[in-house]
Enquirer: 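Would you mind keeping the following structure in view while I ask a few things?
Worth saying up front: this structure is predicted, and the values here are computed from it rather than measured. Values reported hereafter were calculated over all heavy atoms of this structure, with side chains retained and with hydrogens, waters and symmetry mates removed. Note on naming: letters A, B, ... go to the chains in the order of the sequence lines (proteins, then strands), and numbering restarts at 1 for each one.
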There are 4 protein chains.
Amino acid sequence: MPREVRERQMLDAAVAAFARHGYQAASMDDIAEAAGVSKPLVYLYLKSKEDLFMACVRREVGALVAAVREGTRARGLTADQQLWRGLTAFFAHTAARPDGVAVLYRARTQGEPFAREVAAMRVEVVAIVTALLGQAAKDAGCPSELAEREVSGLAHALVGAAESLAEWANSRTAEHFFADEAAGSTTAPSAKETAATLMNFCWAGLENLMKGARWTPAPGPARGPAPAPAPARGRPGG
Amino acid sequence: MPREVRERQMLDAAVAAFARHGYQAASMDDIAEAAGVSKPLVYLYLKSKEDLFMACVRREVGALVAAVREGTRARGLTADQQLWRGLTAFFAHTAARPDGVAVLYRARTQGEPFAREVAAMRVEVVAIVTALLGQAAKDAGCPSELAEREVSGLAHALVGAAESLAEWANSRTAEHFFADEAAGSTTAPSAKETAATLMNFCWAGLENLMKGARWTPAPGPARGPAPAPAPARGRPGG
Amino acid sequence: MPREVRERQMLDAAVAAFARHGYQAASMDDIAEAAGVSKPLVYLYLKSKEDLFMACVRREVGALVAAVREGTRARGLTADQQLWRGLTAFFAHTAARPDGVAVLYRARTQGEPFAREVAAMRVEVVAIVTALLGQAAKDAGCPSELAEREVSGLAHALVGAAESLAEWANSRTAEHFFADEAAGSTTAPSAKETAATLMNFCWAGLENLMKGARWTPAPGPARGPAPAPAPARGRPGG
Amino acid sequence: MPREVRERQMLDAAVAAFARHGYQAASMDDIAEAAGVSKPLVYLYLKSKEDLFMACVRREVGALVAAVREGTRARGLTADQQLWRGLTAFFAHTAARPDGVAVLYRARTQGEPFAREVAAMRVEVVAIVTALLGQAAKDAGCPSELAEREVSGLAHALVGAAESLAEWANSRTAEHFFADEAAGSTTAPSAKETAATLMNFCWAGLENLMKGARWTPAPGPARGPAPAPAPARGRPGG
DNA sequence: AATGAATGAGGGTTCATTCAT
DNA sequence: TATGAATGAACCCTCATTCAT
């Protein structure tokens with residue numbers, strides 16, 4: 001059997017094992033057995049447990065980023081729609097490959113070499129989102145002086161929320177985490193619905209940023225809604 | 001040395017070890033040594049590794065919930081201020097006890113007995129937040145028919161975002177996660193600032209809920225800002 | 001509380017523990033707790049686990065030998081009746097103090113210092129039995145040249161059989177050993193019945209010895225009953 | 001080195017260790033070292049200490065039963081000779097494999113799973129003996145109404161006595177038990193001699209059963225030998 | 001007379017990893 | 001290409017035993 005095929009079998013088995021049990025608790029014995037090969041072969045192809053885990057992480061990072069990029073790449077769409085498509089792709093991927101996502105989730109707590117990989121991925125994704133948000137703001141007639149830093153903050157929040165929601169959808173690792181909600185809803189929401197929900201949040205935030213509206217701890221006399229400035233002309237509707 | 005003191009030393013050492021290395025990788029030998037006692041004593045007081053971890057989890061759950069409750073308990077404050085204070089307390093706690101929070105974070109992936117404990121805590125916190133948000137909406141003159149379910153959704157998002165931010169602040173477990181930002185900013189934002197940022201988010205979301213404003217994927221011709229309904233009279237300003 | 005009382009409590013607890021779990025598996029913690037004292041006190045009175053076990057063994061050896069001697073000491077009885085009384089006393093003791101007997105049983109497999117103690121006891125008992133058997137043979141008109149060695153062999157067999165039966169009666173350590181029989185009989189036979197059964201055996205053997213009757217492997221033509229020599233005049237009847 | 005060979009080495013070492021030190025005191029380290037392998041290999045082949053002990057017990061049970069069966073299987077022999085051969089085989093086995101027998105001896109006090117195995121073996125052996133005794137009685141012209149239960153009792157006593165004698169022969173575990181005798185005799189009796197001695201006992205008992213002769217505690221005036229009924233025609237001579 | 005506090009030592013078990021083939 | 005055989009190291013846990021009071 002050609003090396004590539006064998007190698008993919010091993011990675012598949014490893015991803016499943018790491019997702020289910022975590023890095024430490026997953027045993028090379030189990031992985032080899034699940035892959036249908038002997039242990040020395042695993043060591044021949046992937047040099048160690050660390051390398052095997054890293055290979056899993058990299059593969060899943062690539063798959064996730066590719067999925068998101070693919071979603072946003074469509075031509076002829078406005079920025080907000082691209083963003084929505086990217087989110088949809090993200091949630092669809094998350095639902096389709098729960099084990100792969102779980103591996104990334106585990107990698108984040110696994111220290112030096114692994115966490116860095118996931119962090120890099122995150123940086124990449126945040127950059128994409130920031131660019132799209134900025135573009136959307138511009139499209140909506142937002143004055144360009146809107147601090148990039150603020151948009152970046154919004155992007156971070158959006159990505160964090162997306163991760164949170166994805167974690168929730170991944171019932172394997174998080175089935176007890178949202179136990180209250182899980183009890184109430186019989187089926188998980190579709191990727192599109194979830195993405196729309198997030199868009200809503202994000203849009204509200206963006207609008208606020210553009211309007212300069214803020215919540216402040218000190219209750220002032222004039223905390224009513226600020227008079228909406230020049231109403232956004234473009235897509236972000238209210 | 002009296003038992004109680006020793007026991008706290010052990011829990012402290014254990015929390016640190018579990019936070020740093022995770023449940024599996026932390027060794028009882030190291031914990032005992034860090035606590036300045038011999039291993040048998042650890043087993044004498046806390047019966048097993050599982051029990052020790054559970055004791056850590058429960059202690060940190062208690063401390064975290066207590067901190068948040070304490071923040072919200074102040075009298076004579078409006079609901080939104082209570083919420084802000086609660087968030088501030090949460091972030092302050094998170095910054096003050098990064099190891100404790102990391103333990104809770106680890107516990108969520110450690111399976112049945114532990115994840116349940118954290119899930120229960122989360123349910124508790126979400127309930128608190130939901131109540132405050134609902135009260136705030138009412139204070140702002142929101143029609144009571146605003147679905148409680150939607151407020152609860154917002155509460156979930158808020159809590160998720162708070163966790164995300166806290167994770168970021170916890171430099172120990174997440175130092176590589178936001179490597180980009182960590183490199184850029186020399187100091188972490190204060191708990192109050194972080195809380196205010198989150199309040200902004202949450203307020204934007206709440207306003208949207210009250211206005212019934214939504215983002216929808218299909219670009220319609222009239223996606224401009226909906227005519228603001230009865231402008232909120234109270235605190236949630238724009 | 002006076003030392004003697006405490007010491008007996010400890011020995012009682014130790015005998016129970018050793019009987020139930022064996023020397024190795026019985027823990028000093030459990031013994032101390034069962035005795036209602038703290039562990040250091042056990043070490044203060046009985047110096048070590050070995051010494052504690054030895055004290056148990058010696059106490060139970062003494063009790064057993066005393067019981068048997070007491071049974072045989074009655075005056076005005078024929079030798080066979082003394083023997084029967086001794087056996088009865090032995091089985092009664094065995095039934096009354098199963099834990100004590102179990103300790104002796106365990107001690108036999110516990111190596112040097114302990115096995116020797118039980119062996120010495122056994123030698124003592126065998127000597128008593130041998131004397132009684134010899135006396136009984138003489139009383140029955142047996143020619144004195146009956147080899148003492150043969151009588152001693154019979155005594156050994158008798159003692160071995162008694163031990164076997166006692167082990168059976170001691171349901172704690174041997175409840176599965178004779179599972180077939182245990183299923184059939186609802187109640188254990190009384191000490192007197194058991195003793196009588198054994199007397200029967202021993203008497204048959206003694207008679208054979210006196211008659212010089214033997215079973216031999218080679219089937220000779222004249223293997224019919226040997227002409228009974230001078231029929232035993234006395235008690236050992238056929 | 002092939003697995004089977006290694007596995008037998010391990011079992012050999014384990015049998016020796018368990019025989020010498022008992023189940024609890026024998027350490028897996030020592031067993032592995034004695035077997036000339038590392039500890040993990042022992043765990044790879046035999047899954048745990050319990051399983052290892054059980055494997056030893058089963059192997060030795062099988063070997064012992066096979067030896068006895070082999071002894072009795074000879075054709076063209078009368079029942080009593082078969083019995084004698086079986087006993088001889090038993091004692092020969094006992095002398096040849098003292099450690100194996102000691103393991104069975106230890107197993108009897110080691111609780112549920114192990115004691116049951118030995119008990120089952122004993123039931124099997126008793127059944128063989130009972131059958132042979134019954135056949136022998138019939139051959140000797142014994143009236144068939146001789147209660148099977150009584151024969152079974154005799155069989156039990158015989159087996160118990162055999163065990164006792166075997167224990168004595170097994171110098172390793174019982175070297176102090178019969179210290180008196182061991183000191184007196186320079187060489188252990190051969191298996192054949194021991195078997196003949198036991199046959200003698202057993203034959204005496206069988207004869208008594210057939211004649212209905214009994215020893216009773218109460219000394220009556222007419223305790224002389226009962227008039228021998230129809231003298232046994234066959235092999236069991238007196 | 002009695003104990004709470006504490007430990008050195010060792011046992012069973014598992015795991016990542018390698019050799020020889 | 002692929003594996004059966006084998007291990008060094010480490011981990012969780014327990015126990016007999018002592019010290020200071």
Side-chain angles (χ1 to χ4, degrees), chain A residues 1-3 5-7 23-32 35-53, chain B residues 1-7 24-32 35-52, chain C residues 1-3 5-7 23-32 35-53, chain D residues 1-7 23-32 35-53:
Chain A
M1 184 170 302
R3 170 161 184 158
V5 178
R6 277 272 193 250
E7 209 161 317
Y23 176 64
Q24 323 259 356
S27 89
M28 294 296 272
D29 278 85
D30 295 348
I31 290 172
V37 296
S38 70
K39 238 185 323 176
L41 199 60
V42 179
Y43 278 88
L44 186 64
Y45 285 179
L46 303 139
K47 292 207 60 155
S48 68
K49 196 186 190 185
E50 268 201 46
D51 286 8
L52 172 57
F53 189 51
Chain B
M1 184 169 302
R3 172 169 183 152
E4 281 182 20
V5 177
R6 276 275 190 247
E7 208 161 317
Q24 326 252 0
S27 92
M28 294 297 271
D29 277 86
D30 295 349
I31 291 173
V37 297
S38 69
K39 226 186 336 175
L41 199 59
V42 180
Y43 280 90
L44 188 63
Y45 286 176
L46 302 137
K47 297 205 62 152
S48 67
K49 197 186 190 183
E50 266 202 49
D51 285 10
L52 173 57
Chain C
M1 184 170 301
R3 170 162 185 157
V5 177
R6 275 273 192 250
E7 209 161 316
Y23 175 65
Q24 324 258 356
S27 88
M28 295 296 272
D29 278 83
D30 296 348
I31 291 172
V37 297
S38 70
K39 237 186 323 176
L41 200 59
V42 179
Y43 279 87
L44 187 64
Y45 285 179
L46 303 138
K47 294 205 62 154
S48 68
K49 197 185 189 185
E50 269 201 46
D51 285 9
L52 172 56
F53 189 51
Chain D
M1 186 168 300
R3 173 169 182 150
E4 281 182 20
V5 178
R6 277 275 191 248
E7 208 161 318
Y23 176 65
Q24 327 252 359
S27 92
M28 293 296 271
D29 277 87
D30 295 349
I31 291 173
V37 296
S38 70
K39 229 185 337 172
L41 199 60
V42 179
Y43 279 90
L44 188 63
Y45 286 177
L46 302 138
K47 297 205 61 151
S48 67
K49 198 185 190 184
E50 265 201 52
D51 284 9
L52 173 57
F53 190 50

Enquirer: Nearest heavy-atom pair of B/Leu44 and B/Arg3: which atoms, and what distance?
Expert: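 Heavy atoms only, the tightest pair is O-NH2, 4.3 Å.
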Enquirer: Provide, to the nearest angstrom, the distance between the CG atom belonging to A/Asp51 and the P atom belonging to E/dA16.
Expert: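 Value for this atom pair: 14 Å.
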Enquirer: Over all heavy atoms of both residues, which pair between C/Met28 and C/Ser48 is shortest? Give the atoms and the distance, please.
Expert: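 Of all heavy-atom pairs spanning C/Met28 and C/Ser48, the closest is CE-C, 4.4 Å.
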Enquirer: Could you check how far CG of D/Asp29 sits from P of E/dA9, rounded to whole Å?
Expert: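 Atom CG in D/Asp29 sits about 16 Å away from atom P in E/dA9.
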Enquirer: Minimum heavy-atom separation for A/Ala32 and A/Ser38, please, with both atom names.
Expert: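 Residues A/Ala32 and A/Ser38, closest heavy atoms: CB-C, 4.1 Å.
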Enquirer: How many Å lie between CG on C/Leu52 and P on F/dT17, as a whole number?
Expert: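 Taking CG of C/Leu52 and P of F/dT17, I get 10 Å after rounding.
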Enquirer: Starting at atom CG of D/Leu44, determine the distance to atom P of F/dG8, rounded to an integer number of angstrom.
Expert: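 Those two atoms, CG and P, are 15 Å apart.
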Enquirer: Under a 3.5 Å cut-off for both contacts, is F/dT21 paired Watson-Crick or G-U wobble with anything, and if yes, with which nucleotide?
Expert: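 Check on F/dT21: paired to E/dA2, both distances under 3.5 Å.
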Enquirer: Does D/Arg3 reach a base, just sugar-phosphate, or nothing at all? Heavy atoms under 4.0 Å.
Expert: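 It contacts sugar-phosphate atoms only.
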Enquirer: Nearest whole angstrom, please: distance from the P of F/dA6 to the CE of D/Met1.
Expert: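 Checked: the CE to P distance equals 7 Å.
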Enquirer: For a quick check of understanding: with a heavy-atom distance under 4.0 Å over all strands, which category does A/Ala26 fall into, base, sugar-phosphate or nothing?
Expert: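 It contacts sugar-phosphate atoms only.
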Enquirer: Nearest heavy-atom pair of D/Tyr23 and D/Lys49: which atoms, and what distance?
Expert: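 Shortest heavy-atom separation between D/Tyr23 and D/Lys49 comes out as O-NZ, 2.9 Å.
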Enquirer: Indicate the atoms forming the closest heavy-atom contact of C/Gln24 with D/Ala25, along with that distance.
Expert: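 That would be NE2-CB, 3.3 Å.
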Enquirer: Toward the 5' end of DNA chain E, which comes first, B/Tyr45 or C/Val37, by nearest nucleotide?
Expert: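 The residue mapped nearer the 5' terminus is C/Val37.
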Enquirer: Does B/Ala25 or D/Glu4 map to a spot on DNA chain F nearer the 5' end, using the closest nucleotide for each?
Expert: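 First, find each residue's nearest nucleotide; the 5'-ward one identifies D/Glu4.
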Enquirer: Please state how far atom CD in A/Gln24 lies from atom P in F/dC11, giving the value in whole angstrom units.
Expert: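 One finds 11 Å between P of F/dC11 and CD of A/Gln24, rounded.
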Enquirer: Using whole Å, what does the distance between atom C1' of nucleotide F/dT14 and atom CE of B/Met28 come to?
Expert: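 After rounding, the gap between these two atoms is 12 Å.
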Enquirer: From the list E/dA16, F/dA10, F/dT17, which nucleotide is the closest neighbour of the side chain of C/Lys39?
Expert: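 Looking only at side-chain atoms, C/Lys39 lies closest to F/dT17.
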Enquirer: Hey, which of these two, B/Tyr43 or C/Lys49, hits DNA chain F nearer its 5' end, going by closest nucleotide?
Expert: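 Whichever sits nearer the 5' end wins; that is B/Tyr43.
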Enquirer: Taking CG from C/Asp30 and P from F/dT14, how many angstroms apart are they, rounded to a whole number?
Expert: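 It works out to 12 Å between those atoms.
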Enquirer: Using Watson-Crick or G-U wobble geometry with both distances below 3.5 Å, tell me the partner of F/dT7, or none.
Expert: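 Paired with E/dA16.
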Enquirer: So which nucleotide from F/dC11, E/dA16, F/dA16 ends up closest to the side chain of B/Ser27?
Expert: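 Given the options F/dC11, E/dA16, F/dA16, the side chain of B/Ser27 is closest to F/dC11.
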Enquirer: By nearest nucleotide on DNA chain E, pick out whichever of B/Leu41 and C/Arg6 is the more 5' one.
Expert: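 First, find each residue's nearest nucleotide; the 5'-ward one identifies C/Arg6.
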Enquirer: Where the side chain of B/Pro40 is defined as all heavy atoms beyond and including C-beta, which of E/dA6, E/dA9, F/dA16 is the nearest nucleotide?
Expert: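 The listed nucleotide nearest to B/Pro40's side chain is E/dA9.
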